[in-house]
Amino acid sequence: MALDTAIAKADPLPPGEAEPRRRLKHFSGSRLGGLILALNLLSLLILFVGALLLNEWSRGLIQARQETLTAQAELLSNVLSKLSITTGEPTPAFDPVEASRQLVDDFIPEGQRARLFDLDGLLVADSYAVSEAIPGQPLPPARPAGTPAPAPDPVGERRDDDNLEQARLALAAEVEQALDGEPQASVRRSESGDRVVSVSIPVRHVRQVLGVLTLEAGNVDETLDAQRRALMPFALVALAVNLLGSLLMHLFVARPVMRLSAAADEVRLQRARAISLPDLEGRKDEIGDLARSLETMTETLSDRMDAIEAFAADVSHEIKNPLTSIRSALETLPLVKTAAQREKLTNLLQQDVRRLDRLITDISNASRLDAELNRDRPRAIDLTQLLTEIVGVYVSGLKPGEAHVTFEAATGDHVQIMGRDGPLGQVFRNLIDNARSFSPLGGTVRLSLGRDDIDPNRPIRVRIDDDGPGIPPENLETVFERFYTARPRGTAFGANSGLGLSIVRQIVEAHGGQVRAANRTDATGGVAGARFEVALPPAPASGRRA
């Protein structure tokens with residue numbers, strides 16, 4: 001593309017180009033997708049592990065506390081059953097005074113509460129009642145003199161009464177179940193509203209159940225609160241990871257996409273002809289693929305626009321020639337005096353009209369060629385059969401004096417290529433028509449098909465040879481340019497538009513092949529005719545016939 005083509009850039013960047021590469025990827029091969037997935041999974045994993053550790057820690061803590069209390073309660077129950085705290089014969093019962101004397105702070109660990117219930121579920125002794133410690137809560141701050149006391153809160157008092165009643169009912173239910181002879185362990189609310197771990201163990205005298213010993217350990221909520229505070233670092237780390245992921249998404253995804261969008265808008269508003277963002281094109285992820293694809297697309301569109309402009313200029317030039325001739329003939333026609341001169345001008349007008357008709361037809365075919373190539377999907381084509389059918393049409397329609405067309409396949413099997421049979425058929429018909437137009441009367445146009453048997457991946461070659469005057473060496477490439485034509489003397493004027501070989505090269509290159517022209521030589525080194533060779537890539541192994 002010309003260097004004066006404008007380039008759309010969202011930001012000023014250093015010059016540089018990267019060869020666009022298209023990669024078909026699924027999610028597992030996506031670097032950018034893998035980064036996003038890893039960051040999100042990492043943050044979720046941190047929270048999940050933290051929550052799992054907290055739950056397991058809480059359950060383990062409560063279970064360990066229950067096991068400890070159970071062991072302590074069983075030991076204390078055995079001690080109480082052996083001490084002289086029972087009275088009555090033959091039915092033993094607790095001695096309230098002796099039981100209270102035993103349940104003192106020296107016997108009960110700090111932070112625990114022991115209560116002893118008789119066989120009827122009535123409280124016999126309470127370690128808090130005989131404790132030397134003074135329970136209670138700190139007094140409220142002193143009020144200035146004369147400040148009225150705050151009014152009581154009836155709703156709060158009623159709520160406290162409800163909580164106290166529920167705590168008593170829960171304790172009574174636990175004691176009642178323990179009186180049946182089975183140890184009980186639970187987590188419930190105490191009369192003060194705190195959550196406690198409670199264990200109730202039956203106290204036995206030999207096998208007789210005398211009552212129930214209940215041990216309670218508080219500070220469960222404080223311990224769990226400490227665990228929740230321990231979870232905060234996990235939550236903060238997860239938050240930081242999410243923030244980092246959002247920042248990376250903005251820097252590596254959002255901003256590049258915004259820059260690409262701005263560059264595309266520049267192209268859309270016709271302020272530029274192509275997109276070029278070298279720093280994005282050098283990336284190895286999907287953003288880099290997108291930047292390279294957009295650059296390739298805009299460069300292709302720019303080249304297409306240049307080609308359309310050049311084609312329009314060539315068309316205008318070629319059409320003006322016959323139109324100028326027609327206008328001159330029409331201006332001269334009233335001045336003609338003789339019938340011979342009038343007939344000559346009429347023939348000239350007819351030739352120019354035929355030339356215009358041929359030009360318009362070939363221009364129409366050439367303009368529709370891109371659409372046809374993009375609309376039809378390539379498929380496996382039997383090139384041997386395609387050439388056989390094309391040559392068969394020429395053989396069946398051969399007229400006296402026209403060049404004969406023959407076909408020879410060097411390989412015995414059928415050769416497969418990937419392509420579009422319609423445009424490829426036009427390629428070989430144009431080449432055959434061109435060769436026949438230069439062949440002498442009664443001459444032969446020979447088609448041959450061959451491939452490399454050693455390396456089947458090498459291009460398949462089709463040669464078209466004629467017995468004409470050949471091509472001047474300086475025009476071996478010029479013959480593929482639009483509207484170029486060089487005909488020998490005696491050829492009908494206007495019978496050729498000069499677009500046939502140009503269309504051949506366009507179709508062959510669209511199929512990933514090449515076409516070239518050369519001259520054949522005889523034994524003396526003289527020109528024996530022209531040769532056109534078309535090289536096309538073979539079909540993949542899966543698309544070939546067995």
Hey, are the side chains of [X] and [Y] touching, using non-hydrogen atoms and a 4.5 Å cut-off?
X: Arg420; Y: Pro378; result: yes
X: His250; Y: Arg255; result: yes
X: Gln416; Y: Asp382; result: yes
X: Val253; Y: Glu286; result: no
X: Phe117; Y: Leu171; result: yes

Exam field: side chain [X] to backbone [Y], donor-acceptor pair closer than 3.5 Å:
X: Asp285; Y: Ile287; answer: yes
X: Arg283; Y: Phe252; answer: yes
X: Asp118; Y: Asp120; answer: yes

Open item on the list: The test is side chain to side chain contact (heavy atoms under 4.5 Å, CB included); show your working for Val508 and Val427 and say whether it passes.
Closed with: CA-CA 8 Å; Val508 171; Val427 166; 3.9 Å; yes

How far apart are the closest heavy atoms of [X] and [Y], and which atoms are they?
X: Leu424; Y: Ile507; answer: N-CG2, 4.3 Å
X: Ala73; Y: Val199; answer: CB-CG1, 4.3 Å
X: Pro537; Y: Gly512; answer: CD-O, 3.7 Å
X: Met418; Y: Pro540; answer: CG-CD, 3.4 Å
X: Thr214; Y: Val175; answer: OG1-CG2, 4.0 Å
X: Pro183; Y: Ile201; answer: CB-CD1, 3.4 Å

Calculate, to the nearest 0.5 Å, the distance between atoms [atom1] and [atom2] belonging to [X] and [Y] respectively.
X: Leu294; Y: Leu301; atom1: CG; atom2: CG; answer: 10.5 Å
X: Leu116; Y: Leu122; atom1: CG; atom2: CG; answer: 11.5 Å
X: Gln72; Y: Leu215; atom1: CD; atom2: CG; answer: 6.5 Å
X: Gln426; Y: Ile503; atom1: CD; atom2: CD1; answer: 5.5 Å
X: Ser261; Y: Met258; atom1: OG; atom2: CE; answer: 8.0 Å
X: Leu383; Y: Asp421; atom1: CG; atom2: CG; answer: 11.5 Å

Which residues satisfy the salt bridge (Lys or Arg N to Asp or Glu O under 4.0 Å) test with [X], sequence neighbours excluded?
X: Arg204; result: none
X: Arg188; result: Glu174, Glu216
X: Glu477; result: Arg505

Open item on the list: Taking atom CD as the centre, does Gln514 end up with more than 12 heavy-atom neighbours from other residues, nucleotides or ligands that are less than 6.0 angstrom away?
Closed with: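 It does not: Gln514 CD has 12 such atoms or fewer within range.
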
